[in-house]
Amino acid sequence: MSIFSINPDRQFEIIDSSEEDLIVTNRDGVIVQASRISGRHYGVTPESLLGQSVYDLERQKVFVPAITPLVLKEKKKVVLVQETPNGTRELILGFPLFDEAGEVEYVISYSCEWSELVVIQGYLSELEAEMARMKEELTLLRREAAVPEGLVLASRPTAEAFARGLEAAELDVPILLYGEHGTGKATLAREIHGNSGRSEGAFLTLDCRTVPEALFERELAGEADEKIGMLQVAEGGTLYLEGIDRLSPYLQNRLAGWLKEKRYPSPEGVDVPFDVRIIASAEGELSDAVQDGTFSRELFYLIHLVPIELRPLMERKEDLAALIPRLLDEFCERHGKPRELSQPLFDYLMECPWPGNIDELRNVMERLVIGSREPVLGVDDLPMEYRVAAGSSLSDIGVDGRPLPLILESVEKRVLKLAKQRYKTTTEMAKQLGISQPSVVRKLKKYEED
Ligand SMILES: Nc1ncnc2c1ncn2[C@@H]1O[C@H](COP(=O)(O)OP(=O)(O)OP(=O)(O)O)[C@@H](O)[C@H]1O
């Protein structure tokens with residue numbers, strides 16, 4: 001129960017100067033004060049209300065119903081709607097004022113016309129709608145602000161992968177990224193490092209797919225008097241082990257031992273503690289490899305704490321649609337060649353399978369810009385191997401009963417034939433096909449002999 005302890009005299013002063021419809025009654029229901037506009041809805045003057053009993057006014061159907069008896073009974077705030085004699089509806093709020101003994105001494109009622117309330121309600125709804133719009137805008141702005149510069153996170157799987165990565169960045173645990181080549185694993189690893197408490201430390205990458213087995217340990221631990229090891233350089237920072245699934249079983253076990261103990265043997269033969277966060281990448285889910293026995297179970301449990309998958313580009317259509325124009329702009333600017341994409345070319349690019357993912361898309365977009373002569377790029381401006389795929393279907397290649405090498409040979413033969421018609425020199429053919437000039441000559445010779 002709320003107790004108002006105000007000086008009634010002060011209250012009366014307030015009421016005297018109020019432009020609102022306020023009435024004060026005592027505990028007997030007699031009106032002791034009314035503001036200058038009170039009574040107008042009931043067709044009476046405020047002066048005529050003074051001294052009247054609300055019980056009488058209720059009987060005379062002036063107050064239908066009177067609020068004071070309800071407040072006196074409930075001893076708390078009461079809200080109701082009154083019908084006035086001139087047919088309007090009034091919203092009335094009644095508040096009790098208590099004496100020192102905790103009994104209701106006065107009741108203040110405040111009324112406003114229902115229509116005013118409808119206006120206020122309308123205004124409130126407008127405000128609510130505006131708030132909802134602002135909230136939506138804020139969410140959008142936040143999302144945009146959260147997208148690291150230069151990156152496209154338009155598709156749900158990519159946005160979720162990056163969000164998970166950034167969330168996990170704050171937890172100082174190993175992270176495992178998996179996905180095909182060129183899907184953005186290294187990019188996400190860098191973002192995680194940059195958003196972690198280790199961002200002041202170094203971010204180093206070791207490509208386990210290419211480092212010779214004999215050099216792996218030397219890369220990490222260093223060589224006496226010759227080379228500082230990566231674990232030492234990355235102390236307090238992050239080490240990104242690219243393609244960890246390609247390490248030999250021996251190195252997997254060695255690495256597992258080091259990660260478990262958080263120590264590595266220095267070239268001088270001393271065990272050195274290290275504080276480096278490991279982010280590892282693999283092409284596919286490692287659990288299958290563990291089942292097959294091709295990946296160390298121990299190492300798996302050490303790095304498989306936050307697994308994050310980057311989906312292939314062909315499953316990220318929103319990313320693809322945003323990357324195509326962005327890469328076009330990038331390469332147009334880099335090569336000083338303003339170009340536009342035709343709709344058929346854009347549609348075609350959207351349907352390509354992109355097995356090499358963003359790396360491949362970047363390569364094709366750059367080749368498109370470099371090789372183009374006209375301001376608007378069409379399907380004909382695509383590098384030859386893509387154009388052949390665009391202009392022909394596999395149905396006329398004759399795949400039935402033929403081994404794959406033979407099928408691929410007939411595709412290659414066709415590509416070379418088309419390239420020979422289009423380009424004057426073998427050098428230009430080589431440039432367009434992305435292979436060396438001697439191999440163009442060799443292949444032409446081979447197919448001419450056929
Ligand atoms: N979300 C993204 N938006 C824009 N560009 C991206 C995005 N993710 C990756 N890239 C670009 O795509 C290319 C390939 O990315 P990245 O090297 O990170 O892939 P990866 O999965 O690590 O490849 P790999 O397995 O071959 O090492 C890079 O040029 C990178 O800048």
Side-chain angles (χ1 to χ4, degrees), residues 143-169 174-196 199 203-211 216 219 230 238-247 277-286 289 295 303 306-335 341 346 349-350 352-370 434:
R143 203 179 294 164
E144 274 172 24
V147 175
E149 216 185 314
L151 293 188
V152 170
L153 311 180
S155 72
R156 201 189 169 114
T158 316
E160 280 176 3
F162 273 71
R164 279 199 71 195
L166 295 189
E167 251 172 56
I175 294 181
L176 177 63
L177 307 175
Y178 61 98
E180 292 176 1
H181 286 289
T183 45
K185 300 181 295 296
T187 307
L188 176 52
R190 243 174 264 115
E191 286 301 319
I192 293 171
H193 169 75
N195 285 277
S196 73
S199 59
F203 175 86
L204 298 188
T205 300
L206 180 61
D207 194 342
C208 307
R209 302 167 294 194
T210 54
V211 66
F216 182 80
E219 286 292 339
M230 286 179 130
T238 305
L239 177 66
Y240 176 45
L241 294 173
E242 230 169 2
I244 199 163
D245 48 338
R246 303 281 284 277
L247 281 181
R277 182 198 215 153
I278 301 294
I279 303 181
S281 80
E283 207 170 317
E285 255 280 30
L286 286 178
F295 196 80
I303 59 171
V306 183
I308 301 177
E309 184 183 13
L310 283 149
R311 305 292 306 159
L313 186 56
M314 68 181 293
E315 291 174 24
R316 294 156 50 180
K317 291 285 186 197
E318 295 90 343
D319 290 348
L320 183 56
L323 278 164
I324 292 169
R326 185 179 284 211
L327 292 174
L328 179 75
D329 289 350
E330 181 184 328
F331 295 123
C332 287
E333 200 179 311
R334 182 176 304 171
H335 300 293
L341 282 189
F346 178 81
L349 294 173
M350 286 295 295
C352 277
W354 303 116
N357 298 293
I358 307 181
D359 273 339
E360 183 183 3
L361 177 68
R362 284 185 66 87
N363 173 272
V364 170
M365 294 306 294
E366 186 160 18
R367 286 168 72 189
L368 258 171
V369 173
I370 294 172

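Just so you know, ligand 1 is whichever comes first in the structure, and atom 1 is the first atom listed for that ligand. These figures come from a predicted structure and were not determined experimentally.
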Original post:
Can you find an N/O atom of Ala186 closer than 3.5 Å to an N/O atom of ligand 1?
Top reply: yes

Strictly under 4.0 Å, does any heavy atom of [X] approach an atom of ligand 1?
X      : answer
Arg209 : yes
Gly182 : yes
Gly150 : yes
Asn357 : no
Glu180 : yes

For [X], is the [atom1] atom crowded, meaning more than 12 foreign heavy atoms sit under 6.0 Å from it?
X      : atom1 : value
Arg246 : CZ    : no
Glu333 : CD    : no
Arg156 : CZ    : no

Could you tell me, atom by atom, which parts of ligand 1 come under 4.0 Å of a heavy atom of [X]?
X      : answer
Gly184 : 8 (N), 9 (C), 15 (O), 16 (P), 18 (O), 19 (O), 20 (P), 21 (O)
Val152 : 1 (N), 2 (C), 3 (N), 4 (C)
Leu153 : 1 (N)
Glu242 : 27 (O)
Arg362 : 29 (O)
Leu323 : 4 (C)

What protein heavy atom sits nearest [atom], and how far off is it?
atom                    : result
atom 20 (P) of ligand 1 : Lys185 N, 3.4 Å
atom 28 (C) of ligand 1 : Asp359 OD1, 4.0 Å
atom 7 (C) of ligand 1  : Ile358 CD1, 3.6 Å
atom 9 (C) of ligand 1  : Thr187 OG1, 3.3 Å

Would you say [Y] and [X] are linked by a side-chain donor-acceptor pair, where the criterion is simply a distance under 3.5 Å?
X      : Y      : value
Thr158 : Ser155 : yes
His335 : Glu366 : yes
Tyr240 : Ser281 : yes

Subject >> Atom pair OG1 (Thr183) and CG (Asp359), whose distance is rounded to the nearest 0.5 Å >> reply: 9.0 Å

Original post:
For the atom pair CG (Asn363) and CG (Leu361), what is the distance rounded to the nearest 0.5 Å?
Top reply: 9.5 Å

Original post:
Just wondering, do Ile192 and Arg277 contact through their side chains at under 4.5 Å, heavy atoms?
Top reply: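 Side-chain contact under 4.5 Å: yes.
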
**OP:** Kindly give the heavy-atom pair with the smallest separation between Phe203 and Arg190, and that separation in Å.
**Re:**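 Shortest heavy-atom separation between Phe203 and Arg190 comes out as CE2-CG, 3.6 Å.
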
